[in-house]
Asker: 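There's a structure below that I have some questions on.
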Amino acid sequence: MLRRLSLGAGPLLVLGVQLVAFPMPLGASVDALVLGVITAMITVGLVLVYRANRVMNFAAADLGYVPAVLVTMLILASGFNYFLALFLGLGAAILLGVAIEFLLIRRFFHSSRLILTVATVGLSQVLSFAGVVLPRRWNRRIVAERIDGPLDLTWDVGTFRFNGDHVLVLIFGPLAILAVGLLVRYTSIGIAIRASAERADRAALLGIPVRRLQTVVWTLATTLAFLAVFFTSSTIGLPIGGALSFAVVLRSFAALIMARMTSIPIAVAGSIAMAMLQQGVNWNAESPTAGVAVIAGVIIMMLLVLRPGNTRAERDNTSSWQATDEAR
């Protein structure tokens with residue numbers, strides 16, 4: 001209980017700093033909440049991959065870029081129905097997650113975690129390139145186009161204007177995160193994912209389908225990334241040249257470190273807190289990059305302050321994935 005309270009103190013501390021040092025109006029807070037939910041979906045994907053593979057997935061956001069571009073083109077260029085295109089995009093995200101795990105991740109199963117981490121960096125660039133090239137199928141170039149959702153709502157909070165797309169983010173984003181959290185926490189799949197990551201050979205002897213669980217993990221991460229990029233395209237506009245901005249990825253990594261790489265609830269709370277902090281800094285500062293600098297400072301501070309946990313699971317560095325290759 002004390003450990004959970006100490007983990008939860010991080011997001012509360014960040015929110016306290018924002019409220020005291022960087023106050024902002026209600027409209028900016030609502031906008032930051034929407035950005036925080038989008039960030040949280042990326043962060044939960046990072047937690048899932050780290051739990052299963054013990055690696056930092058630098059392609060966490062780009063996993064959903066290609067399906068999001070596909071949905072955008074289906075709606076804007078081909079005139080598909082919003083929900084039909086979204087359903088096809090979810091199917092494409094699932095297939096992409098399966099393909100990535102089968103064609104790439106599975107090939108590095110007996111490699112070091114460092115090599116797999118570098119592989120995710122290359123995967124990020126490949127997916128970004130594929131997302132830029134895909135619109136040529138419709139003889140179009142990728143631009144920051146925005147998808148109009150089915151809800152015809154508009155209201156103002158101060159100087160900020162919100163619409164039905166923001167409502168969809170605040171409804172379906174938490175539902176997707178909650179579904180993944182319940183799957184990992186209260187089903188045998190979550191226990192099997194952790195077991196297969198720490199002792200793959202023993203888990204296989206016990207009848208656990210290790211490779212199939214890896215496919216499930218990467219499929220869930222890809223689906224969450226797709227929803228994050230899709231909601232970004234409906235509220236802000238489709239990102240150009242990559243899945244999401246550097247600020248979103250930085251917030252996700254900050255929340256991941258705050259959650260000690262494993263806690264989904266703290267990762268979600270940390271993502272929202274980081275979005276609030278960045279929005280508050282940008283509101284009070286003249287430079288639009290001030291918020292990014294503050295988030296980077298928070299990451300450095302957490303790396304210096306946080307210490308390894310006292311539980312047996314946190315002290316045990318055993319993993320089916322090697323930390324490094326053995327030197328001759």
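Residue indices begin at 1 and follow the sequence shown. What you are looking at is a predicted structure, and each value in this text was computed from that prediction instead of being measured.
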Asker: Answer whether the closest heavy-atom distance between the side chains of L123 and L63 falls below 4.5 Å.
Answerer: yes
Asker: Flag yes if more than 12 heavy atoms outside D152 fall under 6.0 Å of its CG atom; otherwise flag no.
Answerer: no
Asker: So, does R51 use its side chain to make a donor-acceptor pair with the main chain of T262 at under 3.5 Å?
Answerer: yes
Asker: Can you find a side-chain donor-acceptor pair between S252 and T39 that sits under 3.5 Å?
Answerer: no
Asker: Drop me the distance from D165's CG to L153's CG, to the nearest 0.5 angstrom.
Answerer: 9.5 Å
Asker: Sub-3.5 Å donor-acceptor pair from the side chain of N284 to the main-chain atoms of G280, do we have one?
Answerer: yes
Asker: Can you measure from OG1 (T120) to CD1 (I105) and round to the nearest 0.5 angstrom?
Answerer: 7.5 Å
Asker: Around atom CZ of R107, are there more than 12 heavy atoms from other residues, nucleotides or ligands closer than 6.0 Å?
Answerer: yes
Asker: Give the minimum heavy-atom separation between P11 and G270, together with the two atoms involved.
Answerer: CG-N, 3.8 Å
Asker: CG/L127 to CD/Q125 distance, rounded to the nearest 0.5 angstrom?
Answerer: 9.5 Å
Asker: Could you list the donor-acceptor pairs under 3.5 angstrom formed between side-chain atoms of residues 73-95 and any protein atom two or more places apart in sequence or on another chain?
Answerer:
unit_1	atom_1	unit_2	atom_2	d
S78	OG	W138	NE1	2.7
N81	OD1	F83	N	2.9
N81	OD1	L84	N	3.3

Asker: Checking S263 side chain against A259 main chain: does a donor-acceptor pair fall under 3.5 Å?
Answerer: no
Asker: Once you round to the nearest 0.5 Å, how far does CE of M274 lie from OG1 of T43?
Answerer: 10.0 Å
Asker: Checking D62 against S124: is there a side-chain donor and acceptor pair closer than 3.5 Å?
Answerer: yes
Asker: Are any non-hydrogen side-chain atoms of N57 and W218 less than 4.5 angstrom apart?
Answerer: yes
Asker: May I have the list of side-chain donor-acceptor pairs in residues 12-25 shorter than 3.5 Å, sequence neighbours left out?
Answerer:
unit_1	atom_1	unit_2	atom_2	d
Q18	NE2	F22	O	3.0

Asker: Taking C-beta and beyond as the side chain, do V249 and I42 meet within less than 4.5 Å on heavy atoms?
Answerer: no
Asker: In terms of the angle between their ring planes, are F160 and F162 parallel, tilted or perpendicular, with boundaries placed at 30° and 60°?
Answerer: parallel
Asker: Among residues at least two apart in sequence or on other chains, which ones pass side chain to side chain contact (heavy atoms under 4.5 Å, CB included) with L182?
Answerer: L178, Y186
Asker: What distance separates F231 CZ from H166 NE2, expressed to the nearest 0.5 Å?
Answerer: 12.0 Å
Asker: Considering the options Q214, R212, R106, which one meets the side chain to side chain donor-acceptor pair (under 3.5 Å) requirement together with E101?
Answerer: R106
Asker: State plainly whether one hydrophobic cluster holds both V121 and V126, where clusters connect Ile, Leu, Val, Met, Phe, Trp and Tyr through side-chain heavy atoms under 4.5 angstrom apart.
Answerer: no
Asker: Linking I/L/V/M/F/W/Y whenever their side-chain heavy atoms sit closer than 4.5 Å, directly or via other members, would V30 and V268 fall into one cluster?
Answerer: yes
Asker: Does a donor on one side chain and an acceptor on the other come within less than 3.5 Å for Q278 and R251?
Answerer: yes
Asker: So, taking the atom named CD1 in I300 and the one named CD1 in I295, what distance separates them when rounded to the nearest 0.5 Å?
Answerer: 12.0 Å
Asker: Check the angle between the aromatic planes of F253 and F58 and answer parallel, tilted or perpendicular using the 30° and 60° thresholds.
Answerer: tilted
